[in-house]
Amino acid sequence: MNGPLLTFPKGGIHPPESKTLTGHLPVETVPIPREVEILLSQHFGTSCKPVVKKKDLINEGDLIGEVAKGLGASVHASVTGKVKNIATSAHPVSVSVPSIILETDQEAEPREWPASNWRGLSRDQLLERVKRAGIVGIGGAGFPTHVKLSPPPEAKVDTLILNGAECEPYLTTDHRLMVEHPEEIIEGAEIILHILGITRCHIGIEANKPDAIDALRKAAAGLASDGLTISVDPVQVKYPQGSEKQLIESITGRRVPGFGLPFDVGTLVQNVGTTKAIYDAVALGKPLYEKIITISGKGIARQANLLVKIGTRLSDIVAFLGGTGPGLAKVVMGGPMMGFAIPTLDIPVTKTTSGVLFLTEEEIDTRPHGQCIRCGWCLDVCPMGLSPNEIGVYVEAGRPEDTSRFGVFECFECGCCAYTCPAKRPLVQFIRLGKMKAKK
Amino acid sequence: MKEIIRITLGLTVSCLIAALVMGSVFIVTDKAKRHNEHVNVQNAMLGLLGYTEAHPAPSDLRLYTVYRYIIEDGDVRTLGYMVPVTGNEAVRYQLVVMDLDGQFVDRFKLDITPEKAQEAVERASALKAVLKPPRTFVYSDSTIIARLGKKRLAYLLPGKFPGFKTFIQVILAIDPSFEIIGLEIMEHEEDPGLGAEIKQDYFKNQFKGKSFEKIKNINVTKEPLPKEYKRYLEAGKGDGTPLPKGVVDTIRSKYQDRDIYALTGATISSKAVTDGVKNIIKKFAYRMNRLDSLISEQHIPVAF
Amino acid sequence: MIFSVRKSIYLTVLLIISLFLLGGCRSEHPFVKKTAFKDADKILIEFAGAVDESWARNPANYTVFEKPDPDIRLIIKDISISADHKKVTLIFEDDLNKNQPHILTAANISHGGKSLGSAILNVKKFYLGYLFSILIGAMIINNFVFTKYLGLCVFFGTSQRKSTAVGMGITFTMVMVASAMISWFIYQFILQPYRLDFLQIVVFIGLVSLSVQAVDTVLRKVNPVLFKAFGVYLVLVIANCIIIAVPLILADNQYNAWESLMLSLGAGLGFLIALFLMSSVRERLELANVPPTYRGLPIAFVLAGLFALAFLGFSGMSIF
Amino acid sequence: MTVSVSPHVKSGQSVEKIMWTVVACLLPPLILSIFIFGIQTLIISIISVASCAAVEAISQKLLHRPVTIKDGSAVITGLLMAYVIPPGVPYWIPILGAVMAIYVAKHLLGGIGFNIFNPALIGRAFLMATFPVAMTSAWLPPIRDGAIFRYMGPAVDAVTTATPLYILKHYGPSALMEKFGSMPAIYGDFLVGWRPGCIGETSAILILLGGLYLIYRRYITWHIPVSVIVTVALLTWAFGGKTLFTGNPLLAVLSGGLMLGAFFMATDYVTSPSQATAKLIFGAGVGALTVLIRLKGGYPEGVCYAILLMNPVVPALEEWFRPRRFAPQKGAQQ
Amino acid sequence: MPATTKTNFQLFTNGILNENPIFRLALSMCPAVGISTTVMNGIMLGIAVLFVQVFSSCTISLIKNYIHPRIRIPTYTLTIATWVTVIDLVLAAFLPAAYKEMGIFVKLIVAFAIITMRLEIFACKNSVTSSFWDGVGMGLGFMFGMMAIGFVRELLGMGTILGHDVLGFRPLLFFVLPAAGFFCVGIMMAMFNYVELVYNRKKRAEKR
């Protein structure tokens, strides 16, 4: 590459990457556990209604939960076995959601998913396949992909962006996926381009993954299809490069308006993992029921990149990897910047889980926070151009309802401000409080 | 309609009553105010000449005021001095007009007594009677001449000049040879603790006894005030033992021709006072000499 | 609100600039273009054409004195003349007292051998500069709130919210200018000539109430939107002692109309600035953990004290 | 296991680290000042720092707040306050300044983060008002022979001198040349610090180095110092001479407390804006007021008051220059 | 509001303590900051305010039945202005030194909110005697406030009380400067608040 790497203009931080722990490790498959617990709400929207009853026998990949009404994505069984219970389980975020517990049939053969030709299918048929596979955006919030792939007609989408930035420290899920399955990703991109009826696709990858960039470039060069341009664009290593709005601006220079969506500027962003899932769904007909996750941090005996069945409990994974290490202080589901700290290991993997980190005392900062000294560093690092310090001060003074004028609703909680704050102020927490109390 | 009339009537009546009250108070207090002001200035002047309650002024001390006006007649400017003149029975004022080079121009009798002359309005009407338009006149300044018996004792010069902040108002007493007898600061708005120290004895008494020759080129020095000199300057105050006579004289002669020692941290104020005093005396000496020569030349029977 | 502040600032700046443009040094003789003080001890005369060097270099052709002291002539040490013979600079022995207007007489100006008659010229400081210094003086250097300690009740009462503060400040400035000008007029042409100055308190407070009433009526009719925004502050204006202090100061110092306008405008804008700064600071402090006994007015007083401490930096300042 | 809100990793920076780095950057001028003005500068500084720390602890105890002397902010206040008072003042003067600076100007207003005015400068302004004579005249001539114990105690009174800015203001540049020699010698002396002045302000080069290190560490940005210094240089050049555009900008920048003010006082986090444009305007305001006070005001030096006068403008500046949102809001979606 | 039921003594103390114009009502702050440098100034201005307050209260209460409600405020203003003029002239004539010291503030009594307020909420509804005692209380309250501030500032600023040298030196010149007036008033207000806080706490404790 000549010249400086692409990046977004304002804000961002450079936390220690810590990706060398797992970046080089090929993906291992975790043995099928005795029991999986599949949540019926793994996405953004209303939760699913179970379509199976207790004691039903089901196969791997069968539909077990369906959205009756509203936004959502269906849920499939990740193993062959028997429905043990339909209950309520602890969701990693906070509220309890209904879940289906399957007792696995250890003898069952893994199901085969033969490839078929999808190129003759119409746009609606392709979308139907995506919908049937229950795909959600596995990079972040879990927005149902079939909805995202059918933007309103007035939005003139002309560019597809595949998000392979993976800017969160520790996580190497997408990295390994890109290195190991570049062809599938490229073909998935082709499917999306077909659905959208456009020809241009950019793949944004942080420059610290040269092997992934090479692999995808090679795969894109061997692309058979006509008239499609798929380019791989290395972007600067900077957090939060992988955030939708930031990546759009890094690659296209277009700026998404406040409270706006990517298609307002003619773009559509998909995570590379989602793209792979779309390929699986369309070309193989395989629903989304297994997923690559990164297990990292110094608090676990062995770090790894794992292919796991959705619904596998963390305790099973920890047992497979040889237990937790000494000095474990915090378990985080997701990346260290935006993930959730979880109180127990009795939590299943969901479609949106990208990794689980076992952090030790030395990796986290537990010093108590002080008063804001108005250094303004949070203003410098906020990629959205907000004033986190003011929000924090207002919330602390008991006036969270006034924070909307500092743009509290535009914050996507990347955590840059809290990371950089020398007074160790829990700014993200303040912002969430502000969001709760302030009215739009 | 009826209401409006009632309101108007009520307001008118209350205004009238208010005006009555204020008017009567004004009439009662106005005289007292003038008298008090006059007494105040007079006391300050007598104080400068060394007369206090313990040591009252002798009965034959007289204070005469000379007023100076600038008269304009088209482009021609002349100076008019209102001088008190001893007539047959009482002191009356005359206006002596001289041109800018000190040559005699004209002389008028004015119908005004010294008491009335203290009022600017009275003076103006008396002057208007003799200076017919298009001649105009502007008040410039006044000088008080103290006379003890047949001898001219001192000149008292009120003056005003810019200080560090706003204006400083002083009264200077100088003897007929233009040597400074005393300096009193009447009004000022200098900073407390800094410029406001000009009121202190150890500063203003430094001017005492400075000769005209010295004053013409006097300056301010930033050297610290010597201890013995400070003690000498504050001797009048009563605190501390009075200095023996011989010491007083040696100190006086030692410091008589020195520059003014500036107040610490308030050089600007010190310099302002020094320059202001220097200016007043220089101008006054120049004018007084001219006026005196004119008076003797024209044989005006002035009261002072 | 902010918009209206900016607008009023623009208007003031425009006014000042136009004042500067309007003024200019006119001189009394057709051949003399301009006269001005230069440096500490020089007077510059600019002629419309070239003057004869021999004439210009003769100190006897000039007499210069301060206006109140026509009999004391200033001694000219040296005279320099520019290459084109149009500018003559008189250099004096002593530094000039620029606070006094000087009168310069140039006798028999000689141009190309012929005499053009004498010129009596007024040399004074740039008058607009003086006006400007009155404005800045009243506005910042001698800010009525922080250095003269007036108008405090209203100041503390209305400086809690920025919007209130700005509204109050603008209303106050309008009423201030109106009432001060009327007061000045009445004082100069009625009270003083008829020696009724002891009535000044009654008359001034009456005029203030009247102008408040007038502004109220006019605003209500002309601009109801503005009235809605500022109407509530009109009553408070009467209770502000700056509004009565300014006419009293004007009466004491015998200012002329322009100077009065500048002083009253400066006082009003100074109050606006003080209110604005104080309110933005107080809005910030509302978020602070102030000791409970100090909450509200006490801390506002402490703040004002800190402001006053900072404003000590302006002490002794004179701009022109 | 700890459960807390994201992010779960944090940068290694902390308030203590920042503050103590600033303290470290402030120390070289103090060490030099011992050689220039004598050992009493060290005593005054120690008293100032100690009293500031003590007042901080006492007021935090009184107001039932956690005691945070360890974060070093009171130490900075103490050091800075000592740096802007003349070296010949009585030793007990800084104690009174500390009460005003720390208790009134900082803790009454809600502690660190809410002190609208720079506490050290409030302390100095208070001392200026309370002891005008000592604070405006206790200047000492530099010691050139290494006798650093010379000015102890009562010996101070006899040797007071005038600061270069004072000479410049009242006697003009020629008097300055007379006292300090040629212009290059003046620049050299001023750069190193061999001139009468406040304890910590004389050595332009050491302050500059300290400031540059802070900029290098990204603890402060270049905006405020540069805009202060450039404004002062430009305005002095334009109006500082007898006629327009004949002033001496270099002298103006090197003399007085300008460097110290620009790098260490105007950049105080709490009392300066955090946005770049606002910083530039703030700095320009400080510079303009400095020149105004130096040229037209009653004091020879104006940096301290200029910063104090700009401090209350900061909340308004922050409001006006609050960072622009990522993009304009769409009208319909609210 | 009906005529007051308080006794004259209560009216008198009300102005001094409960509704002290300076510390409790926070009215008439300008002189409290501007010229409270000495106890003497406080006494002098206090007397002037006392005079204006008492005379205005009595006047209004005398003529309260004749005032048309629509010209109430102008009448108050006129009354106050009249009495201010009177005291201004009298002081200027007989106490020129003190008058000079107080400067413009005597004239500014006309703009004191406290006087108009007492006329509006008290004098125009009550008898002359009550109004008199109310006026005296308010005036004295103002005077005591001014004296208290003056005492602190004179003692700390000049080391004197009523012009008599007490300390023998000038401790903190700062307190002579008007800027210190703000601090003194602020801190004294906080002290009043503190006393109230403690008092309320005690009362609550007793109730329990």
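Here the structure is a predicted model, which is why all the values come from computation and not from measurement. Letters go in sequence order (proteins before strands), and every chain restarts at 1.
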- If you look at every heavy atom in D:V270 and C:R284, which pair is closest and at what distance? O-NH1, 4.4 Å
- Note on the structure: Ranking D:L292, D:L121, D:L295 by heavy-atom pairs under 4.5 Å to chain C gives rank one to D:L292
- Query: Heavy atoms, side chains only, cut-off 4.5 Å: are C:F314 and D:L289 in contact?
  - Reply: yes
- Query: Given a strict heavy-atom distance threshold of 4.5 Å, which part of C:V302 is in contact with chain D: side chain, backbone, both, or neither?
  - Reply: side chain
- Message: What's the separation between atom CG in C:L306 and atom CZ in D:F126, rounded to the nearest 0.5 Å?
- Response: 11.5 Å
- In terms of heavy-atom proximity below 4.5 Å to chain D, should C:L285 be classed as side chain, backbone, both, or neither? side chain
- Task: Please work out which of the three classes, parallel, tilted or perpendicular, describes the rings of D:W320 and C:F276, given edges at 30° and 60°.
- Result: parallel
- Note on the structure: chain C shares the most heavy-atom pairs under 4.5 Å, among D:M100, D:E318, D:R65, D:H64, with D:R65
- Query: Using non-hydrogen atoms only, which part of D:L63 is less than 4.5 Å away from chain C: side chain, backbone, both, or neither?
  - Reply: side chain
- Task: Using non-hydrogen atoms and a 4.5 Å limit, figure out which bit of D:I116 sits close to chain C: side chain, backbone, both or neither.
- Result: side chain
- Tell me, for D:H107 versus chain C, whether the close heavy atoms (under 4.5 Å) come from the side chain, the backbone, both or neither. backbone
- Task: Counting only heavy atoms closer than 4.5 Å, note whether C:L287 contacts chain D via side chain, backbone, both or neither.
- Result: both
